[in-house]
Amino acid sequence: MLLFTCPNCGPRDETEFHYGGQAHVPYPENPADLSDVEWSRYLFYRENPKGVFAERWVHSTGCRQWFNMLRDTVSYDVHAVYPMGAPQPATATTQQKGA
Amino acid sequence: MANTAELTNAEVLGLRRSPAGHLADDFAKGSTAGTHGVSLRELPFQSMVGVRVDPGSDAGARVAAVTGGLPASCGQVVAGPAGLATLWLGPQEFLVTAPADRQSGLAPDLVAALADGAGQVVELSANRTTFELSGPSARAVLEKGCAADLHPRAFTVGTAITTEIGGIPVVLWKTGDDTFWILPRASFADFLGRWLLDGMREFASVEGTPWP
Ligand SMILES: [Zn+2]
């Protein structure tokens, strides 16, 4: 069982949270202008890195707020928890992203 | 048409059934006194109103004037006038509770306070019931199914958190050194009541004899 630190509520069990997929995927500015290929890229294509990954999580049985988290997909270490809309913080192991 | 939200409606009061009313006898039988004792009972029909408002806004200030203030962070409970208590559920989400016998309209007061401000006020009295788990072993029973840190150092008297017990979402409110109020949604009350009874069983046992 993982222990995640909600920015509002502090450390809680993983089961109190829900996963929201990759963070920092902006909604296209003009969706109508996209080709089918570009639209499908936006809808369905996500990174699958071995290492640090920026992801969205929601504390669904707690404060019901969304936040971003940098999680290592190999070690499950949580490197950072930061608000929605904030830029991704740099970490010592960020270079592994996508490796 | 009968106003079903009006608590002075005697006909409605007589028809009310609490979500764990059918377990009252089991709760009484499963409770034990003594140095390792733990007791469970339902405190039915607390008034509850869900409020969503930005505490920094004008509407938030008007709501706070009714509730006696709004809690600012996770765990905080603000005591208000006439037995009101306001629990922090999120940065802009609160649960206002009042004793079951409160006669005046809590929700209408809060609706009037919110007025045309951004947010919502929802009468939730039928949404959750209240269990009281108390006694020297109460914390040990909770810790069988709740992973939040319940040590008195971290979870102090007069604070409340939203968390999970036995896999179901609840509001857990520490009202005394050995007393916890647990607010499950009505449809989970039967499950949670039986879950807690199961956790209480070992404390009723006498050394050297089979479990009751
Ligand atoms: Zn939270």
Side-chain angles (χ1 to χ4, degrees), chain A residues 1-27 29 31 51-91, chain B residues 50-56 70-77 86-95 119-120 122 124 127-128 142-151 153-156 159-174 182-185 187-188 191-192 195:
Chain A
M1 183 79 73
L2 296 176
L3 206 58
F4 292 155
T5 302
C6 168
N8 293 308
C9 309
R12 296 294 181 87
D13 254 9
E14 159 198 359
T15 53
E16 294 191 9
F17 298 84
H18 277 96
Y19 186 58
Q22 182 180 340
H24 312 296
V25 180
Y27 189 77
E29 218 157 291
V52 174
F53 190 34
E55 359 180 86
R56 301 180 302 175
W57 287 83
V58 61
H59 190 192
S60 32
T61 54
C63 58
R64 306 207 279 187
Q65 303 297 301
W66 286 91
F67 59 94
N68 290 328
M69 191 157 90
L70 283 185
R71 183 179 65 94
D72 191 303
T73 59
V74 178
S75 65
Y76 291 93
D77 287 343
V78 175
H79 292 289
V81 169
Y82 55 104
M84 302 301 289
Q88 178 175 335
T91 64
Chain B
V51 176
R52 278 176 173 251
V53 69
D54 178 356
L70 291 173
S73 63
C74 181
Q76 275 190 14
V77 177
T86 305
L87 282 61
W88 186 96
L89 299 186
Q92 301 190 358
E93 186 176 8
F94 310 95
L95 184 69
Q120 65 180 29
V122 185
L124 293 177
N127 183 36
R128 296 176 187 272
L142 287 177
E143 283 173 343
K144 294 180 184 193
C146 178
D149 188 354
L150 302 183
H151 191 282
R153 185 179 52 220
F155 192 42
T156 54
T159 59
I161 55 171
T162 45
T163 183
E164 290 179 356
I165 299 174
I168 65 151
V170 297
V171 177
L172 180 61
W173 184 356
K174 189 169 179 181
I182 306 162
L183 281 59
R185 296 201 175 90
S187 56
F188 290 119
F191 173 87
L192 183 68
W195 174 280

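By convention in this document, chain letters (A, B, ...) are assigned in the order of the sequence lines, proteins followed by strands, and residues within each chain are numbered from 1. Note that the structure is a prediction, hence the values are computed from the model and not measured.
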Undergrad: Compile a table of inter-chain donor-acceptor pairs under 3.5 Å between chain A and chain B, counting both main-chain and side-chain atoms.
TA:
unit_1, atom_1, unit_2, atom_2, d
Arg12(A), NH1, Thr162(B), O, 2.7
Thr15(A), OG1, Glu164(B), OE1, 3.2
Glu16(A), OE2, Thr163(B), OG1, 2.6
Gly62(A), O, Thr162(B), OG1, 3.4
Arg64(A), NE, Glu93(B), OE1, 3.3
Arg64(A), NH2, Glu93(B), OE1, 3.4
Arg64(A), NH2, Glu93(B), OE2, 2.4

Undergrad: Only counting residues at least two apart or in another chain, list the ones meeting ring-ring contact (aromatic ring centres under 6.0 Å, His included) with Tyr27(A).
TA: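 Residues passing ring-ring contact (aromatic ring centres under 6.0 Å, His included) with Tyr27(A): Tyr42(A).
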Undergrad: In terms of heavy-atom pairs under 4.5 Å with chain A, which of Gly167(B), Pro91(B), Gly75(B) leads?
TA: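 Counting heavy-atom pairs under 4.5 Å, the top option is Pro91(B).
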Undergrad: Quick check for you: to the nearest 0.5 Å, what is the distance between Ile161(B) atom CD1 and Cys63(A) atom SG?
TA: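 So the CD1 of Ile161(B) and the SG of Cys63(A) are separated by 12.0 Å.
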Undergrad: Can you sort out the partners of Val81(A) under side chain to side chain contact (heavy atoms under 4.5 Å, CB included), two or more places apart, ordered by chain and number?
TA: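 Scan of Val81(A) (side chain to side chain contact (heavy atoms under 4.5 Å, CB included), adjacent residues dropped) gives Pro7(A), Phe67(A), Met69(A), Val78(A).
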